[in-house]
4 protein chains.
Amino acid sequence: MPTTATLLVDCPDRKGLVFAIVDFLVRRYDVNILHADQHQDAELGLFFMRVEFSTEAPNFTQTSFEETFAPIAEQFAMNWRIEFAAAKQNVAIFVSQYLHCLADLLHRHQTGEFHANVALIVSNHESARPLAEFYGIPFHHTPMTATTRPEVEAAQLALLSAHTIDLVILARYMQILSPKFVETYPRRIINVHHSFLPAFTGAKPYHAAYARGVKLIGATSHYVTEALDEGPIIEQDVARISQNDQLPSLIQKGRDLERMVLSRAVQWHLDHRILSYANKTVIFA
Amino acid sequence: MPTTATLLVDCPDRKGLVFAIVDFLVRRYDVNILHADQHQDAELGLFFMRVEFSTEAPNFTQTSFEETFAPIAEQFAMNWRIEFAAAKQNVAIFVSQYLHCLADLLHRHQTGEFHANVALIVSNHESARPLAEFYGIPFHHTPMTATTRPEVEAAQLALLSAHTIDLVILARYMQILSPKFVETYPRRIINVHHSFLPAFTGAKPYHAAYARGVKLIGATSHYVTEALDEGPIIEQDVARISQNDQLPSLIQKGRDLERMVLSRAVQWHLDHRILSYANKTVIFA
Amino acid sequence: MPTTATLLVDCPDRKGLVFAIVDFLVRRYDVNILHADQHQDAELGLFFMRVEFSTEAPNFTQTSFEETFAPIAEQFAMNWRIEFAAAKQNVAIFVSQYLHCLADLLHRHQTGEFHANVALIVSNHESARPLAEFYGIPFHHTPMTATTRPEVEAAQLALLSAHTIDLVILARYMQILSPKFVETYPRRIINVHHSFLPAFTGAKPYHAAYARGVKLIGATSHYVTEALDEGPIIEQDVARISQNDQLPSLIQKGRDLERMVLSRAVQWHLDHRILSYANKTVIFA
Amino acid sequence: MPTTATLLVDCPDRKGLVFAIVDFLVRRYDVNILHADQHQDAELGLFFMRVEFSTEAPNFTQTSFEETFAPIAEQFAMNWRIEFAAAKQNVAIFVSQYLHCLADLLHRHQTGEFHANVALIVSNHESARPLAEFYGIPFHHTPMTATTRPEVEAAQLALLSAHTIDLVILARYMQILSPKFVETYPRRIINVHHSFLPAFTGAKPYHAAYARGVKLIGATSHYVTEALDEGPIIEQDVARISQNDQLPSLIQKGRDLERMVLSRAVQWHLDHRILSYANKTVIFA
């Protein structure tokens, strides 16, 4: 029975890259290429490639691949990784009091939209517990104050480590993560911000959008970096509003946007469709 | 034969406003109400109304209406104006070297989308002259340098005044208007900015959007005020981009957005569908 | 404390309608008009109005209103109804095996988006029972075969009658209702069809859309009438697809559309924002 | 100086296709791959590939490529073609009385959006002549009646042949082409239909959409085949309408959609981004 895997590569753009990669995969592992996408950033001189393939080669293992691909990777100065389709990632969802994104993610997961193991739900409030229990996901209540924040965050990190979490989803989690937390999961924390970034960073973006009189509201999912609301954008969407939309209906329409942009980002991340560089993302969807 | 007109009102919100207006129109001028829209800003306690009506009353004139409506307007502290459908507004279009918005506006005008008289086209370049001549609109070449700006602008204002211009459209006009110019045409200058405001104000917004890695680009039409790119927003729209859109295709997609948001704003303004307050607009479309 | 209510009117268009209605409301019940919307169908010569108002008049009751408004209604040959904001409608949700619309509706209801009492969930399958129990809604399992259909439907109708159901939502309910069922709830049954109607009526619309090679898929919410998929359309939305979307991802994207168009239709119906005529709807949103 | 070209391939899906193509291009012509896109239709077992590449190989000519690629093409039963970027296609635009699509195409062409030579404009009316002359395109007036249709069409085909036309654009051309005309330009005639196909085929689709009460109107660009309005869809788009949009404003909004979907289709065709099969299109955009 064949093994399916995805190879992700980024490196300085040079002639011969596609050929080198395809040639290696076919000659060494006799692969069947299922999807191949590549992209060049002409301005920065960068090359990106995603190859999804299957193989029946008995010698196709993580260790074997790492050893055999290393010379090519070195030759072209590649950043790269190989992901096996059989491996399910472990996901933790952080949430505060607004539960619409959480409810949406859990229903989608139950429906089979996400290839992942939702290992735990973490919240500084109790309100998500019933949903967690309904969907059978362990719930961890981690309230924090300014004083207890360091130790609580240390406990959260220990929890994530104990469950070998691959991806942290901030589903309207209203606490700011410390630089240490962020560094521990580089390009592995996805947040949803309820504005069309870079407009309306910071707190209460819907209020700011309403005050400015915009005609479309937006939401943005992005990787979390040290700079608040400035990480690489993964997905954005907007909805039309009018003067009939006072703040409450504007916030209601925004909830639908948040659900959409967050769930798309999560699915693309889990399917290894996102490459990130220079504070941007390349989405091979 | 009936006269058609539009009454626009804004004032502090109070009980009895709709009744007072409708009662006045029907009893005094025996009107037939064609469209009536109203809006309240609950937060600021403001009321807005647009009534489009027809009447066969022989005494229905601007002067008569002003006299008879004055007591009601005073009672409710209304800002108001009456616009007669028969009156065509005089429009001036300012443009620089990018002609896509101009070509679009002129074709729409020819098709009958705008109820207006396009009286003149003004440009600091010669490139728009052929289009102007093709559509039979007088073209005025007003190049300027930092030194000549004051006198050139004075000449432009004299030109607008001589043609009793009602509306100035900045169709990708790359000069910043002086405060005096702006004050002369309050809420009567419509600009198109090639970003989703308030994101990417100032110069080269497409370059900034590209650098930030947004997933949607936008365009915004707005009334010009003294603060650059901060006037009341009239219309916005967005288009999806991907990594395949390097700067040139991003700019190309943006042109379509600019055309759309500018032409909608112009039509709504000409049809007296826009009320502006507190740096916002109410669109009765 | 004031009473809030909504008056909905449709009738042949005639001069004086807005005035007659506003004059009546203000003089008889001293109302404060909160929102007033009207529409004319010029082609058919029809007039539609929705007035939301509050009043502190002690004599403002259903009975009083019916008596006092009757002469005006008769004079203008109006269809009309008055809806009191305090009254919550009773809602029944019918569902089969696909639960995404149900899960979405129940979460929205819990969040407070719907002004309604979800009285029961009816299904020909057992799969919705856990969700129903989680949200505390009585669940009725009504499996049917071709033979038992008449008696099962009779039991369903008895159930709806016993709960004085005002609105039936078909949230991907895969059984066709009998004419008798449909007649019992005219303009009170909302269905979601997973295509952009009138394209792809009938069974398996996503398969048909995929086979035709459309570039956008859609979903439609509509009132149920005797003619399958031909009732008045309430809301539609679309999503872009590409060749990368084979059937499963097309169906996944469609689920999001179904949720959106169904929930909007339900909210508008519950807020008395929909008037229906000539197989169309007027939405005062 | 390098030569840039695009190879387009479709064939039964088999293992080794990507490798065979890339291997050939690199080994034989030492190409630099600029973009490579591939697609599989899993259901039909088909493979599609588009490779855009540059090469400095002196032996890279049409004849050489045809000879050397033939064995591979034969081995995999490929349909294929090679397009050189230097070659500009000859385009003819057919139009009747509505000129919005024509004006849009000509302005885009002038702006540099299309890599093509617009060789002639053909119309059964005189109304497009001024636009044609303004943009310096030869204009041919070919009026026809039921009786003269065969001979007029023969003259049109002779004209197209004389100008070695590669692509015919029907920019709201209100005559139905004969089967012979269609057969002469297979997958080389692009039409815009003013509905969201397959809804509202045939005449007066906006009237039909209005009558049905849809909430979104659409437009579709497609290749023309013998079956009217049933050719492979290239692009579609929609716009939201409301009861405020009576027929004239619905038609106005539709014009913007027509412009967009037609111009995108033309650009993709000219950039060799469209592969067509089984009445569908694959767009590598």
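What's counted below: heavy atoms across the whole structure, side chains too, no hydrogens, waters or symmetry copies. Naming convention: chains lettered A, B, ... in sequence-line order (proteins, then strands); numbering from 1 in each chain. Predicted model only: the values in this text are computed from it and were never measured.
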Which atoms of C:Tyr210 come close to chain D, meaning under 4.5 Å heavy atom to heavy atom: side chain ones, backbone ones, both, or neither? both
With side-chain hydrogen bond (donor to acceptor under 3.5 Å, both in side chains) as the test, would you mind laying out the steps for C:Lys215 and D:Thr220 before giving the verdict? CA-CA 9 Å; C:Lys215 299 302 184 185; D:Thr220 303; over 6 Å; no
CZ/D:Phe48: more than 12 non-hydrogen atoms of other groups inside 6.0 Å: yes
Approximate separation, where rounding is to 0.5 Å, of C:Gln236 CD and D:Ile241 CD1: 8.5 Å
Less than 4.5 Å apart, any side-chain heavy atom of C:Leu197 and any of D:Val214? no
Please check if the number of heavy atoms outside C:Tyr98 that lie under 6.0 Å from its OH is greater than 12. no
Ignoring hydrogens and angles, tell me if any N or O in the side chain of D:Arg212 forms a donor-acceptor pair with the backbone of C:Lys280 under 3.5 Å. no
Interchain contact, C:Ala42 with chain D, by part (heavy-atom threshold 4.5 Å): both
Nearest 0.5 Å, please: how far is CG in C:Asp37 from CG in D:Asn244? 9.0 Å
Between C:Gly231, C:Ala209, C:Gly218, which shows the greatest number of heavy-atom pairs under 4.5 Å with chain D? C:Gly231
Any side-chain heavy atom of C:Arg240 sitting closer than 4.5 Å to one from D:Asp237? yes
Spell out, as yes or no, whether a donor-acceptor pair under 3.5 Å connects the side chain of C:Gln243 to the backbone of D:Val282. no
Quick check on D:Gln246 against chain C: is it the side chain, the backbone, both or neither that has a heavy atom closer than 4.5 Å? side chain
